[in-house]
Amino acid sequence: MAGTGPFEGWDTVRCPYKRFGGSVCLLTSHEMGDQISMYRIVERRDLTPVTKLFRVEAPLVARKAQAGQFVIVRVREQGERIPLTIAAFDREAGTITVVVQEVGLTSALVCRLQEGEGFFDFVGPLGRPAEPLLVGEGRVVTVGGGFGVAPVLPIAAILRERGVHVTSIIGARTQDLLILEEEMAAVSDELLVATDDGSRGTHGFVTDVLRRLIDEGSRIDQVIAIGPMAMMRAVAEVTRAPGIPTLVSVDPIMVDGTGMCGACRLTVAGKVKFACVDGPLFDAHQVDFDEQLRRGKMYADDEKRALHAWRCGGVT
Amino acid sequence: MAEEKFRPVKRPRVPMPEQDPRERIGNFREVPFGYTPEMAVQEAERCLGCKTRECVAGCPVEVDIPGMVALIRQGKFIEAYRVVRQTNSLPAICGRVCPQEEQCEVRCLLGKKGEPLAIGRLERFVADYAMQQGLAAIERPACSNGRVAIVGSGPAGLTAAGDLVKLGYQVTIFEALHAPGGVLMYGIPEFRLPKAIVQAEVDLLLAMGVKLCLNVVVGRTITVDELVAEGYQAVFLGTGAGLPMFMDIPGETLNGVYSANEFLTRTNLMKAYLFPEHDTPIKVGRRVAVVGGGNVAMDAVRCAIRLGAEEGIIVYRRSEAEMPARKEEIHHAADEGVIFRTLTNPVRIVGDERGWVKGLECIRMELGEPDASGRRRPIPIPGSEFMMEVDTVVMALGTSPNPIIHQTTPGLEANRRGCIVADEETGLTTRPGVYAGGDAVTGAATVILAMGAGKRAAAAIHRQLQEG
Ligand SMILES: Cc1cc2nc3c(=O)[nH]c(=O)nc-3n(C[C@H](O)[C@H](O)[C@H](O)COP(=O)(O)OP(=O)(O)OC[C@H]3O[C@@H](n4cnc5c(N)ncnc54)[C@H](O)[C@@H]3O)c2cc1C
Ligand SMILES: Cc1cc2nc3c(=O)[nH]c(=O)nc-3n(C[C@H](O)[C@H](O)[C@H](O)COP(=O)(O)OP(=O)(O)OC[C@H]3O[C@@H](n4cnc5c(N)ncnc54)[C@H](O)[C@@H]3O)c2cc1C
Ligand code: FES
C-alpha cells in the first residue's frame, strides 16, 4: 500500500530527528551541507530586485491547495515561521509556487535560496479557500499591489473560469517593481496598470484607477484587493460608499497558523477573529485596518535588530 | 524481592537541590537539579513498604511504585527504571511534571504524620540515571500487525505510538508543528522540562521504528478519511486542546497582549529567549501581568521574569488556595519574586496613544457560595475597580480543542465544548476505527491522564485489529 500514488512523497516528509538517530525520513538539508533537502526549490525566478518567485516541491500541500490559502515556512533550524500565500499549485508535479518580497530578515533569507536548495519547513495549505467567497457571475475587479499580485492571480483565474468578467488592476511604486504582468493579462479580460511614478500605465495609485472605473458608472459586483495593508485600506475606502462587496487578504503576524496562538487576531465587524483559521480573506468594510497596521509594527525594533545582527555578523 | 526484609528509616524528606532563585531568574536552565544516587537511596529508605499500596492506586497508569522504591533502595537503579517503564513510557517527563501531590504522594502513609515519600523525584532520578547510562538501545520489534496512524505527538500520541509499536504495528505519527512533543515542547518551559529530555523520549520511539511526519496538519494537509483510504487500519487522535481563550474584555488586541500559548510558543518552541541568534522575537515589558492561576500562568510569569521583566504579577480571581497550579510551581514562582494579586479580576486593558498596553483595570473579588466545580465562586465587589500599571498582559485562561479535526471528519462527534466524544475505556469515537484521547477528549488536563488515554486506546486498537 505504501508508496502508491500521491503518497510517493510520504517518505520524504522532512524530519529533523535524524540527528537523534531516528529512523524516520530522508536526509535533511543541514545534514548534507545543503546537497539534498526536502521542499526542494525546482524553479526560482527573480521578478524584481526584491521579489522572487519559487516553485517548491511539496506534493502533500499541492494535492490540497486552493486559491486564497497560504503556507507557513521556515528557512533554517533557528528560523522563525512566516506565512506566504499560495500563488499557484500544480497537483501533478506536486509543486507550490510562492512569491516573496524581501522586507526583513526571514524574507531576505528566503530570497537568497537557490534552485536545488530547499525550505526547512513548509506546511499547509492553511486558511480558508477563496472560492466560496467569490461571486459567480457579472463583473469583478481584482487589485494587486506589490507582491500582492501573486496571490490575486489564482483567484482571478477561478473567476475567469466561471465566466465572470475580470478587470485586473496591478500596481507598484515603479515599473521595475511590477510583477507577473503577463500572467495577470492571461487570466483577465482587461488589465490596467498603475505606477506611483508614472513609469508605466497610469501615473498614480491602483486606487485611482479603481475610483475611475467606479466613476465611469459600470456595474462592479465584487472587488478583491491584496497588497500592502495601507493599499487594502484605501481600496476599502473607495468601495465603501458605492457599497461594492470587497474582499481583502489580511496579513497579520502569525506563529503556528492553525489557531493555536492567537497572534493573528484582528477585529472584524467588532468581533475578534483569527486570520489563520477564519481568514485570511475578510470583508474589507468590516476590518479594523488601524488596529492591523499597529499590530504589524509590534516587533519593528526587534526586527531591525535581527536584520542588523545578521548583516553585520555575515552569518548565512 | 517480596521476601526481602527491610526497615524503613525515619528521616525527613530528602530536599531537592535546586538552582538559587537569584541566579535562576537570569537563565532558562532547569530549576531542580535532581537527586544524586545517594540522595535517592536515602529517600527510598523512608518508604514504609505498606501492604495497601495506596500510591499505586493513586497513579493513573498504576506504576509499581513500591517495586521501584525497593530496587532504588538496593541501588538497582536500572532495574527500577525497567519497573517504571513497564507501565509508564515517559518517566523522565512524568517525574518532572506530574501533580504527584494529588495522585500518588497524597495517598502515601508517611504523609499522615510528616511529608510523603518523594515519589516523583525518585521516578525522575531513575529515568535520568537510565538515560545517562545510554539505556536508549531498545530492540526494534517486528512490525507485521498492520498500520496505525497517530495524529498529534503530545503525550497521548507518543504513548499510544510506543505501545502499538511494541505490539508489532507499523506506526506513523502526523504532527502539525515542526517539532514533536505537543505541549511538552511548545508549552512547558525549558527550566521545568528540558527539551533534550522530550527529544530523547521521541528518539527512543523512532529507534523502535515509529515513523514521524512533521508539518502535516491533519484536516488540512490530509484528512482522516484519506488516512483510512491510504490503508491505515486505525487512527488515534491525540490533538490536544490548543485553542486559547480570551476574556472578551476591551483592549485585548492592543500591542503587548498575548495568549499564554503565543507567549510560551515564542519562548519555548521558537526560542525567543535566544533572540537574535534565533529569529523569533518576543516583547516583554517592565511589568508583566499574567491572568490565571494554573500551571500555564505560572510558566508564563516565570518566563516573563527570565526574559527580563522587572515585575511579574499573577492576577487571579479566586484565592491562592483555589489555584489549580501545582503547589511546587506556585512556590517556585514566589521564590522568584512573582507577585500574587489574588481575588482580582481584569475588566479592561488600557492602551497608550500608540496602541500599546499601559494598564490593566481590575476589580476586587470576594468568595461566595461553592459553584459547580466545588470551588467558591468569586463575586466582584462593586466600586472596587483599580488600575494596575503594566505594559504586557498574558492571558492564561485555559484552552479548548482545535475544531479543525472534527470539522473535517464526517461522523466524528464533538460535544458543546468542542471536545471529541470518545468512550472512556477504549477511546473509540463515533467514527469506527477512529480513536481519541488526551486533552482533545477531556479538555485541558494533565500529561499523565493523556498518557493513560493513549495507553487504553492502544490496547483497544490492538483488540480491534486482532479480532479483525
Ligand atoms: C496570510 C499571509 C500571507 C502572506 N503572503 C505573503 C506572500 O505571498 N509574499 C510575501 O512576500 N509576504 C507575504 N506575507 C507577509 C510575510 O509573511 C512577511 O513579510 C514576513 O513574515 C516578514 O518577515 P521578515 O522576517 O522578513 O520581516 P520582519 O522584519 O520580521 O517584519 C517585517 C514586517 O513583516 C510583518 N511580519 C513579521 N513577522 C511576521 C510573521 N511571522 N507573520 C506575518 N507577518 C510578519 C510585520 O508586519 C513586520 O513589520 C503574508 C502574510 C500573511 C499573514
Ligand atoms: C504551559 C503548560 C503547562 C502545563 N504544565 C503541566 C504540568 O506541570 N503537569 C501536567 O501534568 N500537565 C501540565 N500541562 C497540561 C499537559 O501538558 C497536557 O494536558 C498534555 O500535554 C495533553 O497531552 P495531549 O497529548 O492530549 O495533547 P498536546 O500535548 O496538546 O499535543 C497535541 C499535539 O497534536 C498536534 N496537533 C493538533 N492538531 C493537529 C492536527 N490537526 N494535525 C496534526 N497534529 C495536530 C499539536 O500540534 C500537538 O503537538 C500543562 C499545559 C500547558 C499548556
Ligand atoms: S497564527 Fe497562531 S492562531 Fe493564527
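Lettering follows sequence order; numbering is per chain, from 1. The model shown is predicted, which means the values in this text are computed figures rather than measured ones.
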- Message: Angle between ring planes, A/Phe274 versus B/Phe246, binned at 30° and 60°: parallel, tilted or perpendicular?
- Response: perpendicular

- Task: Just do the salt bridge (Lys or Arg N to Asp or Glu O under 4.0 Å) check on A/Arg74 and B/Asp279 with the steps written out, would you?
- Result: CA-CA 10 Å; A/Arg74 288 204 313 153; B/Asp279 301 340; over 6 Å; no

- Hey, which of A/Asp121, A/Val123, A/Ile72, A/Asp256 is the one that makes side chain to side chain contact (heavy atoms under 4.5 Å, CB included) with B/His178? A/Asp121

- Task: Search all heavy atoms of A/Arg265 against all heavy atoms of B/Val257 and return the closest pair with its distance.
- Result: NH2-O, 2.9 Å

- Counting only heavy atoms closer than 4.5 Å, note whether B/Tyr186 contacts chain A via side chain, backbone, both or neither. side chain

- Message: Do B/Leu177 and A/Met260 have side chains that approach each other closer than 4.5 Å (heavy atoms only, starting at C-beta)?
- Response: yes

- Task: Please report the shortest heavy-atom distance between A/Cys261 and B/Asn261, naming the atom on each side.
- Result: CA-CB, 4.1 Å

- Query: Is the closest side-chain donor-acceptor distance between A/Arg295 and B/Asn255 under 3.5 Å?
  - Reply: no

- Task: Could you look at B/Thr223 and say if it's the side chain, the backbone, both or neither that has a heavy atom under 4.5 Å from chain A?
- Result: both

- Query: Who among B/Leu243, B/Leu254, B/Val217 has the most heavy-atom pairs with chain A under 4.5 Å?
  - Reply: B/Leu254

- Message: Measuring from atom CG of B/Asn215 to atom OH of A/Tyr39, what distance do you get when rounded to the nearest 0.5 angstrom?
- Response: 4.0 Å

- Between B/Glu277, B/Lys271, B/Arg266, the one whose heavy-atom pairs under 4.5 Å with chain A are most numerous: B/Arg266

- Against chain A, work out which of B/Ala241, B/Pro244, B/Ser259, B/Ala272 has the most heavy-atom pairs shorter than 4.5 Å and name it. B/Pro244

- Message: Run A/Gln78 and B/Leu274 through side-chain contact (heavy atoms from CB on, under 4.5 Å) and show every step you take.
- Response: CA-CA 9 Å; A/Gln78 74 272 33; B/Leu274 298 175; over 6 Å; no

- Query: So, B/Thr221 side chain and A/Val61 main chain: donor-acceptor pair closer than 3.5 Å or not?
  - Reply: no

- Query: Counting only heavy atoms not in B/Lys195, do more than 12 sit closer than 6.0 Å to its NZ atom?
  - Reply: yes

- Nearest-0.5 Å distance, CZ of residue A/Arg81 to OG1 of residue B/Thr265: 9.5 Å

- Item | Nearest heavy atoms of B/Lys283 and A/Met298, plus distance in Å | CE-O, 3.3 Å

- Task: Identify the two heavy atoms, one from B/Arg220 and one from A/Gly127, that lie closest to each other, and give their separation to 0.1 Å.
- Result: NE-N, 4.1 Å

- Task: Decide, yes or no, whether a salt bridge links A/Lys64 with B/Glu226 under the criterion of side-chain N to carboxylate O below 4.0 Å.
- Result: yes

- Inspect the surroundings of CZ in B/Arg286 and state if more than 12 heavy atoms from other residues, nucleotides or ligands are less than 6.0 Å away. no

- Could you tell me which portion of A/Leu293 (side chain, backbone, both or neither) has an atom closer than 4.5 angstrom to a non-hydrogen atom of chain B? neither

- Message: Could you check whether atom CD of A/Glu92 has more than 12 heavy atoms from other residues, nucleotides or ligands sitting under 6.0 Å from it?
- Response: no

- Choice from A/Gly257, A/Ala263, A/Ala65 maximising heavy atom contacts with chain B below 4.5 Å: A/Ala263

- On a heavy-atom basis, the closest approach of A/Val255 and B/Met270 is CG1-CG, 4.4 Å

